[in-house]
Asker: 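Sharing a structure with you now.
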Amino acid sequence: MSDDGLLADARTTIARRELASLSREKTIVLALLIQLFIAAFSSFLVVGLTSLYDPSSVESGQVTVGVTGETQDELLAAAREADGLQTRAYADRGQALEAFDEGRVNAVLTGTTVPTDSGSKLSVIATAPAENIRTTLIVVQIRGVLTELESQERDRRAASLTFQPIEPPAESDSSPYFGFTYTVLIPLLLFLPPFISGSVSVDAITEEIERGTLELLRVAPVSLVDIVDGKAAGMILLAPLQAALWILLLSVNNIAIANVVPILLFVTAIATIVVVVGTLLGLLTAKRRQAQLLYSVLVIVLFGAAVLLPEHPATTAAKLAVDSATATTYAHVAGFAVLAVALYAVTRRYADGIDAESL
């Protein structure tokens, strides 16, 4: 066997050893299992998580609201535009509150006209359950009625305006599930594997130095560069493999992912960059705790600073997944790939110049 073949086998052996050692890291295994759970049950999680930040996206069933007060007709007109809402008119607020206490209505709206310096305005008092599992959904329904009432009042009073108001933004018809899936869930699943790989690469280098086992590795005919190659290769390859598995599980959940190959290339580039950062910090500090702290801070700073780029990495991943990539998106993928190769070359050169005896 040639020397190159021997070294290649040594790097492969080191990479396999690193991947095998991950099975003994309980934290890493738990993180992988959490990601696996998210990807495998993404359809259910998307519905649940979307309902938390946008309760109006969930059907709430029938909500009955008692309506009373001077502006009862205006409130009833607005309520007729709301889906899943029934109204009952009451002659006075006392009767409406009595029905609320007896559970015959879920909420009460009392509308009055309040005089102002320039005319009058509508004032609405909303009464809803204080602690009820349906309170959030009831409040959402009431908010819809009040929004519709405001819109109707704006239209009714538009003729009396003496200036042109600013046009409100157009309403979006996009599904909240679609937005949550492609802007939150998919970038989360794609970027966690590289960040975990970078963190593991810190441990892979520093633990060998702290335990003195680096010398045992160097008993074999391999250099420090070969050791770095083997450890980095295992961590870098793990990220796109995980991403491919997450994409497959998302597809099983009927979440279509476009541009799989560019996405995996992008994940590989990100993984290479963060693994390089972790490896360099490990070699520079030779202390696990110190290197991990610096790695965490540096990765957060770099990921936050990426907002200064023409397109944030999370946006790039989302655009690729939803098949709306632009030239800027593909330029980002190519740019990150070139940066990853350049940084890895710098790391190998740095490792080649280190006296392993000094570690």
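Please read these numbers as outputs of a predicted model, since none were measured by experiment.
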Asker: Hey, could you give me the CH2/CG distance between Trp246 and Leu192, rounded to the nearest 0.5 Å?
Answerer: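 CG of Leu192 is found 9.5 Å from CH2 of Trp246.
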Asker: Can you check side-chain contact (heavy atoms from CB on, under 4.5 Å) on Thr127 and Arg93, steps first, answer last?
Answerer: CA-CA 11 Å; Thr127 304; Arg93 180 171 169 78; 3.5 Å; yes
Asker: Same cluster or not: Leu109 versus Val105, using hydrophobic residues (I, L, V, M, F, W, Y) connected whenever any side-chain heavy atoms lie under 4.5 Å apart?
Answerer: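 Different clusters: Leu109 never reaches Val105 through Ile, Leu, Val, Met, Phe, Trp or Tyr contacts under 4.5 Å.
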Asker: Would you say the side chain of Thr71 lies within less than 4.5 Å of the side chain of Thr112, judging by non-hydrogen atoms?
Answerer: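 Of all side-chain heavy-atom pairs linking Thr71 with Thr112, none is under 4.5 Å.
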Asker: Roughly how far apart are Ile125 CD1 and Thr68 OG1, rounded to 0.5 Å?
Answerer: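 OG1 of Thr68 is found 10.5 Å from CD1 of Ile125.
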Asker: State the OH-CD1 distance between Tyr344 and Ile273, to the nearest 0.5 angstrom.
Answerer: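 It is 14.0 Å, given to the nearest 0.5 Å.
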Asker: Testing the basics here: between Ala314 and Pro187, what is the closest heavy-atom pair and its distance to 0.1 Å?
Answerer: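 Taking Ala314 first and Pro187 second, the nearest heavy atoms are O-CG, 3.9 Å.
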Asker: Measuring only between side-chain heavy atoms, which start at C-beta, is Asn259 closer than 4.5 Å to Tyr330?
Answerer: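 SC-SC contact between Asn259 and Tyr330 confirmed.
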Asker: Between the side chain of Ser120 and the main-chain N/O of Pro115, is any donor-acceptor distance below 3.5 Å?
Answerer: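 It does not hold such a pair.
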Asker: Is there a side-chain contact (heavy atoms from CB on, under 4.5 Å) between Phe336 and Leu309? Walk through the geometry before answering.
Answerer: CA-CA 12 Å; Phe336 273 91; Leu309 296 173; 4.0 Å; yes
Asker: Could you report the tightest heavy-atom contact between Ala351 and Val228, atom names first, then the distance?
Answerer: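 Closest approach of Ala351 to Val228: CB-CG2, 4.1 Å.
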Asker: Can you confirm whether or not the ring centre of His332 sits under 6.0 Å from the ring centre of Phe266?
Answerer: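 Judged by ring-centre distance (under 6.0 Å), His332 and Phe266 do not meet the cut-off.
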Asker: To the closest 0.5 Å, what do you measure between CG (Leu190) and OG1 (Thr316)?
Answerer: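 OG1 of Thr316 is found 11.5 Å from CG of Leu190.
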Asker: Can you name the nearest heavy-atom pair linking Leu264 to Ala244, along with the distance?
Answerer: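 So the minimum-distance heavy-atom pair works out to CD2-N, 3.8 Å.
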Asker: Below 4.5 Å, heavy atoms only, C-beta onward: do Ser201 and Tyr295 meet side chain to side chain?
Answerer: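 Answer no - side chains too far apart.
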Asker: Is it true that a side-chain atom of Gln72 and a backbone atom of Tyr90 form a donor plus acceptor pair closer than 3.5 Å?
Answerer: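 Checked: pair present.
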Asker: Do any N or O atoms from the side chain of Ser151 and from the backbone of Glu148 form a donor-acceptor pair under 3.5 angstrom?
Answerer: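 Side chain of Ser151 to backbone of Glu148: no pair is present.
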Asker: Measure from the side-chain N and O atoms of Arg88 to the backbone N and O of Arg104, and report whether any donor-acceptor pair falls under 3.5 Å.
Answerer: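 Judged by distance alone, yes, a pair lies under 3.5 Å.
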Asker: Could you check whether any side-chain N or O of Gln292 sits under 3.5 Å from a backbone N or O of Ser199, counting only pairs where one atom can act as donor and the other as acceptor?
Answerer: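 Yes, Gln292 side chain to Ser199 backbone: donor-acceptor pair under 3.5 Å.
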Asker: Using 4.0 Å as the upper bound for N to carboxylate O, is an ion pair formed by Arg156 and Glu74?
Answerer: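 The answer is no: the pair does not qualify as a salt bridge.
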Asker: Begin from the C-alpha positions of Leu250 and Leu185 and carry the test side-chain contact (heavy atoms from CB on, under 4.5 Å) through to its verdict.
Answerer: CA-CA 10 Å; Leu250 289 172; Leu185 178 62; 4.1 Å; yes
Asker: Hey, does Leu238 have a side-chain heavy atom less than 4.5 Å from the side chain of Ile236?
Answerer: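 In short, these two side chains do not touch, never coming nearer than 4.5 Å.
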Asker: In Å, rounded to the nearest 0.5 Å, how long is the span from CG of Leu294 to CG of Leu280?
Answerer: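 Going from CG on Leu294 over to CG on Leu280, the span is 12.0 Å.
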Asker: I want to check something: taking the side chain as every heavy atom from C-beta on, are Phe191 and Val267 in contact at a cut-off of under 4.5 Å?
Answerer: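 Answer no - side chains too far apart.
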Asker: What is the distance from atom CG of Leu320 to atom CD1 of Ile257, rounded to the nearest 0.5 Å?
Answerer: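 Answer for the CG-CD1 pair, Leu320 versus Ile257, is 10.5 Å.
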Asker: Using only atom types and a distance under 3.5 Å, with no angle test, would you say the side chain of Asn106 pairs donor to acceptor with the backbone of Val63?
Answerer: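 Answer holds: no.
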Asker: Can you check side-chain contact (heavy atoms from CB on, under 4.5 Å) on Arg80 and Leu76, steps first, answer last?
Answerer: CA-CA 6 Å; Arg80 281 195 288 270; Leu76 290 173; 4.2 Å; yes
Asker: If every non-hydrogen atom of Val108 is compared with every non-hydrogen atom of Ala96, which pair is closest and at what distance?
Answerer: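 Shortest heavy-atom separation between Val108 and Ala96 comes out as CG2-O, 3.5 Å.
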Asker: Honestly curious: do Leu284 and Met235 fall in one hydrophobic cluster under the side-chain, below-4.5 Å linking rule?
Answerer: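 Per the 4.5 Å side-chain linkage, Leu284 and Met235 are co-clustered.
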Asker: State which residue, out of Thr110, Val67, Leu75, fulfils the side chain to side chain contact (heavy atoms under 4.5 Å, CB included) condition with Val124.
Answerer: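 Of Thr110, Val67, Leu75, side chain to side chain contact (heavy atoms under 4.5 Å, CB included) with Val124 is met by Leu75 alone.
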Asker: Where the side chain of Asp92 meets the backbone of Gln95, is there a donor-acceptor pair that is under 3.5 Å apart?
Answerer: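 A pair under 3.5 Å: yes.
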Asker: Decide yes or no for His312 and Phe303: does some side-chain heavy atom of the first lie under 4.5 Å from some side-chain heavy atom of the second?
Answerer: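 Side-chain contact under 4.5 Å: yes.
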Asker: Is there side-chain contact between Thr64 and Thr87, with at least one heavy-atom pair below 4.5 Å?
Answerer: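 SC-SC contact between Thr64 and Thr87 ruled out.
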Asker: Nearest heavy-atom pair of Ala78 and Gln152: which atoms, and what distance?
Answerer: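 Nearest pair, atom of Ala78 first, then Gln152: CA-NE2, 3.7 Å.
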Asker: Search all heavy atoms of Pro194 against all heavy atoms of Val274 and return the closest pair with its distance.
Answerer: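 Heavy atoms only, the tightest pair is O-CG2, 3.0 Å.
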Asker: May I ask you to check whether Glu311 and Thr328 show a side-chain donor-acceptor distance below 3.5 Å?
Answerer: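 Looking only at side-chain atoms, Thr328 and Glu311 do not form any donor-acceptor pair under 3.5 Å.
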Asker: Answer yes or no: is there a side-chain heavy-atom contact under 4.5 Å between Gln86 and Val65?
Answerer: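 A side-chain contact under 4.5 Å is absent here.
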